[in-house]
Undergrad: 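Dropping a structure here in structure tokens format, bear with me for questions.
The structure presented is a predicted model; accordingly, all values stated were derived computationally and were not measured.
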Amino acid sequence: MQNRCIIIGAGHAAAQLAPSLKQEGWQGSIVVVGAEAQPPYHRPPLSKTFLAGTKTIDQILIRPQAAYEKHGIELKPGVRATGIDRQTKTVQLDNGAALGYDKLALCTGSQARRLPLPGADLAGVHYLRTLADVEAIKANLADTRQVVIIGGGYIGLETAAVLRTLGLEVRVLEMMDRVLQRVTAAPVSAFYTRVHTEQGVTIETAKAVTALAGKQRVAAVHCEDGSHYAADLVIIGAGILPDVELAQAAGLQVDNGIVVDEYALTSDEDIVAAGDCTNHPNRLLDRRLRLESVPNATEQAKTAAATLCGKRKPYASHPWFWSDQYDMKLQIAGLNQGYDDVVLRGDPQNSRSFVAWYLKAGKLLAADCINRPKEFMLAKQMLAQGTRATSADLADETVDLKALVGEHPG
Amino acid sequence: MPQIIYIEANGAEHEIDVPAGNSVMQGAIDNMIDGILAECGGACACATCHCYVDADWVEKVGPPSDIEKEMLEATPQPQENSRLSCQIQVTDELDGLIVRLPESQY
Ligand SMILES: Cc1cc2nc3c(=O)[nH]c(=O)nc-3n(C[C@H](O)[C@H](O)[C@H](O)COP(=O)(O)OP(=O)(O)OC[C@H]3O[C@@H](n4cnc5c(N)ncnc54)[C@H](O)[C@@H]3O)c2cc1C
Ligand code: FES
């Protein structure tokens, strides 16, 4: 019988892992099971162009269902794996079938973190993680005037930007003292607060939400400090949790994500994992990470595919991320955790184009580039090459950064 | 349906039918061509869908936008005929278009 590889989860990681298996020379069959109803789709547009209505479902599919079939990949949307038996090497599916595997890949991603708020089950209260979530939000928009978004992270702010542009009254309630507190420096938070305010969004910080109120549909949001806000639509963006349930039940090592090595291998030598669900080492950064980004999912998936084919291609790259809000394209190179200095290039107070460089002991860690695509590209190269640059050079618009980066990197 | 010819850095050639309206990047992704990564899925945010447009086609394909141009300038090996393939929309006029893929997208 032919070898079989089963991929559990059909998101970004799976959509890369399956074709990469073919490219790495996998001769057996490939079966992908995904709990969502659609073939793998691009998740970032959910809070951007898809919510805005400028892209349709077909336009956000990573590729159409037929493309998988054409390349001999059996993709089963709408099927959830409910258990893994590592002794008999079978996966139990919710359609009653059990499927044997030789190799297994876990690409289960993550889920929106649920807030145990009274009233969270009222109509008009939504999370934003899946296509189905966004379709439910869109179905509500026709009779929505006032939106409250709980959580001022990237997804919350992107959603605010889209709904404001659609003409709704939008308020963002953030628990911390500033939006994006976990991920950016104060000047960048201040910048996004300014722009959202200019666009007519109200941002309130240090607001701990305690309850949602309403009869059938939500009508108000109550905060710990006694304040309350009218709302006919509430969107909760309170972060995510890696989806480790199956791995845990199967006895794989789990610790803030499925624990894998730099080859994406779990504690079972026939099982790899890739994407949001993993806790993996990064030798460039000299520590373990769990990341929530598309590039992480796709690159780790390639490593995982190589591993399943008996090759060794360690996964080690500098993280990057992007976020679109209004007319602003934010591109982030690197991870800023542990920075001790922030250097600005450009004017975040009066313009919509600047870079915030993050340094630690004079070494570049990361760069937030707002409408600065060229600096973003160069920042990636500087990180890859370990380029040294002084704060003065980074801040000075007249210094050509390209000259600092080696000629033909990569 | 317009046919696009992708030539990888190692010389491997793929003749692919790509529906009008799709991007040149999407044609490569649908057909699992290795040389285009497209990490951002066409959001013009990653420049990992870089390609070189065949000299005979440069005019028909047209120039990049400002953002795209800035990204291209900072790719590992930019050339005059560089484009981000996610920003090239396939039309009937582009039937026969030849694009070459760089050795590496990083
Ligand atoms: C609104 C939004 C905006 C975002 N914007 C950006 C952005 O701009 N840039 C960026 O880099 N990243 C962004 N992200 C993050 C990015 O989408 C994720 O990092 C990425 O989707 C991770 O891919 P994945 O394959 O690991 O997981 P997922 O895409 O979450 O896919 C996992 C899939 O597995 C399925 N699954 C789980 N368990 C099972 C099971 N037992 N059986 C079958 N199927 C199962 C799930 O239903 C899901 O479909 C955004 C995320 C969201 C929600
Ligand atoms: S796919 Fe990312 S820029 Fe083209």
Undergrad: Measure the CD1-CD distance between B:Ile29 and A:Gln16 for me, rounded to the nearest 0.5 Å.
TA: 7.0 Å
Undergrad: Is it the case that the side chain of A:Lys329 and the backbone of B:Ala43 share a donor-acceptor pair, with hydrogens and angles ignored and the cut-off at 3.5 Å?
TA: yes
Undergrad: Find the distance between NE2 (A:His71) and CG (B:Asp30) and round it off to the nearest 0.5 Å.
TA: 9.0 Å
Undergrad: I need the A:Phe321 CZ to B:Cys46 SG distance, nearest 0.5 Å.
TA: 13.5 Å
Undergrad: Non-hydrogen atoms of chain A under 4.5 Å away: do they reach the side chain of B:Glu73, the backbone, both or neither?
TA: both
Undergrad: Tell me every residue that passes side chain to side chain contact (heavy atoms under 4.5 Å, CB included) with B:Gln89, counting only those two or more places apart in sequence or in another chain.
TA: none
Undergrad: Chain B heavy atoms under 4.5 Å from A:Lys302: which part of the residue, side chain, backbone, both or neither?
TA: side chain
Undergrad: What pairs with A:Trp322 under ring pair (Phe, Tyr, Trp, His ring centres under 6.0 Å), at least two apart in sequence or on another chain?
TA: A:Trp320
Undergrad: Between B:Glu70 and A:Met377 (side chain of the first, backbone of the second, donor and acceptor by atom type, cut-off under 3.5 Å), is there such a pair?
TA: no
Undergrad: Is A:Lys48 in contact with chain B via its backbone, its side chain, both, or neither, using a 4.5 Å heavy-atom distance?
TA: neither
Undergrad: Which pair of heavy atoms, one from B:Gly41 and one from A:His42, lies closest together, and at what distance?
TA: CA-CE1, 3.3 Å
Undergrad: Might you confirm whether atom CG of A:Asp327 has over 12 heavy atoms from other residues, nucleotides or ligands at distances under 6.0 Å?
TA: yes
Undergrad: Please tell me if the side chains of B:Met32 and A:Gln23 come closer than 4.5 Å, counting only heavy atoms from C-beta onward.
TA: yes
Undergrad: Considering only heavy atoms and a distance below 4.5 Å, find which of A:Ile62, A:Leu401, A:Asn371 pairs most often with chain B.
TA: A:Ile62
Undergrad: Name the region of A:Ile73, side chain, backbone, both or neither, that has any atom closer than 4.5 Å to a heavy atom of chain B.
TA: side chain
Undergrad: Donor-acceptor check, side chain of A:Gln331 to backbone of B:Ala45, threshold 3.5 angstrom: yes or no?
TA: yes
Undergrad: Got more than 12 heavy atoms from elsewhere within 6.0 Å of CD, B:Glu103?
TA: no
Undergrad: What residues of residues 291-299 of chain A make heavy-atom contacts with chain B at a cutoff under 4.5 angstrom?
TA: A:Val294, A:Pro295, A:Thr298, A:Glu299
Undergrad: Look up atom CD in A:Gln59 and atom CG in B:Asn22, then write down how far apart they are to the nearest 0.5 Å.
TA: 9.0 Å
Undergrad: Mind listing the closest non-hydrogen atom pair of A:Pro373 and B:Met71 along with its distance?
TA: CB-SD, 3.4 Å
Undergrad: Without swapping roles, check the side chain of A:Arg63 against the backbone of B:Asn31 for a donor-acceptor pair under 3.5 Å.
TA: no
Undergrad: Quick one: ring pair (Phe, Tyr, Trp, His ring centres under 6.0 Å) partners of A:Tyr315, sequence neighbours excluded?
TA: A:His280
